[in-house]
Amino acid sequence: QVQLVESGGGLVQAGGSLRLSCTASGRTFSTSVMGWFRQAPGKEREFVGRITWSGGSTIYADSVKGRFTISRDNAKNTMYLQMNSLKPEDTAVYYCARKSSPLSEYVDWGQGTQVTVSS
C-alpha cells in the first residue's frame, strides 16, 4: 500500500492551463503504472490517462487527447498532469491512482483535487 496525494487543482478560465501533481509515499518501489481519473458531480468516474513508471509510455482518453500531457519524475515519486486548453466540461475532481502490475487493478487512490473551469 502506498499513499497518494494530489495537488494543483483550482479555478481557471476556459482556454487556460493547470498542472496537477500526484506524490506517492510508502512502498513505491513496486509501482508499475500510475493513472489519472476524474469524476464530475452526478457522473461516473472517467479514465483520463496513465503512464508506465519504467518506460513513461502514455495513454489518454479521447476527450483529453492533444490537450493533456502526463509525465513523471521517478526520483520524486511524482506524476504530473499538464492540462491545456481547458474546457468547462473538464470540471471535475481529479484523482491519481497506482497499480503494481500492468494487469492488476488500481488499488491505491489519492483523495482528489478539484478542477473548475469557468466559461
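Every value quoted in this text rests on a predicted model; they were computed, and no experiment measured them.
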Evaluate the side-chain proximity of M83 to V115: yes if any heavy-atom separation is below 4.5 Å, no if none is. yes
Give a yes-or-no answer on whether the side chains of E89 and S63 include a donor-acceptor pair shorter than 3.5 Å. no
So Y95 and W109, would you call those rings parallel, tilted or perpendicular, with 30° and 60° as cut-offs? perpendicular
Are side-chain heavy atoms of L86 and L18 found at a separation under 4.5 Å? yes
Give the C-alpha distance, both sets of side-chain angles, the deciding distance and a yes or no for side-chain contact (heavy atoms from CB on, under 4.5 Å) between I51 and M79. CA-CA 9 Å; I51 188 168; M79 175 179 64; 3.9 Å; yes
Would the distance check show the side chain of E6 and the main-chain N or O of G112 forming a donor-acceptor pair, the cut-off being under 3.5 Å? yes
Minimal heavy-atom distance between Q111 and V5, with the atoms involved, is OE1-CA, 3.7 Å
Salt bridge check, K65 against D62: does any charged N sit closer than 4.0 Å to a carboxylate O? yes
Measure the spacing between OH of Y94 and OG of S7 and express it to the nearest 0.5 Å. 15.0 Å
Transitive ILVMFWY side-chain link W36 to W53, under 4.5 Å: yes
Within this structure, what is the CD-OG1 distance for the pair Q13 and T116, rounded to the nearest 0.5 Å? 13.0 Å
Heavy-atom nearest pair, V33 first then P102, reads CG2-CA, 4.3 Å
Over all atoms of both residues, closest heavy-atom pair of S104 and S100: OG-N, 3.8 Å
Under 3.5 Å, is there a donor on one side chain and an acceptor on the other for S21 and T78? no
Looking at K99 and D108, is there a salt bridge between them, counting it only when a charged N and a carboxylate O are closer than 4.0 Å? no
If you measure from CG on L4 to CZ on R98, what distance do you get to the nearest 0.5 Å? 7.5 Å
Rounded to the nearest 0.5 Å, the CD atom of Q82 sits from the OG atom of S17 at a distance of 5.5 Å
Give a yes or no on whether the backbone of P88 and the side-chain of T91 come within a donor-acceptor separation of less than 3.5 Å. yes
Side-chain contact, heavy-atom cut-off 4.5 Å: L20 with Y80? no
Is it true that T52 and R72 share a donor-acceptor pair across their side chains at a distance under 3.5 Å? no
How long is the straight-line distance from CG of N77 back to OG1 of T31, given to the nearest 0.5 Å? 7.0 Å
How about R67 and S85: does a side-chain donor come under 3.5 Å of a side-chain acceptor? no
Which atom of G26 lies closest to which atom of V2, heavy atoms considered: C-CG1, 4.3 Å
Do you know the tightest heavy-atom contact between T69 and Y60? CA-OH, 3.4 Å
Does any non-hydrogen side-chain atom of N84 lie less than 4.5 Å from one of F68? no
Do S57 and R50 have side-chain heavy atoms sitting under 4.5 Å apart? yes
Using 30° and 60° as the class boundaries, would you call the ring planes of F37 and F47 parallel, tilted or perpendicular? perpendicular
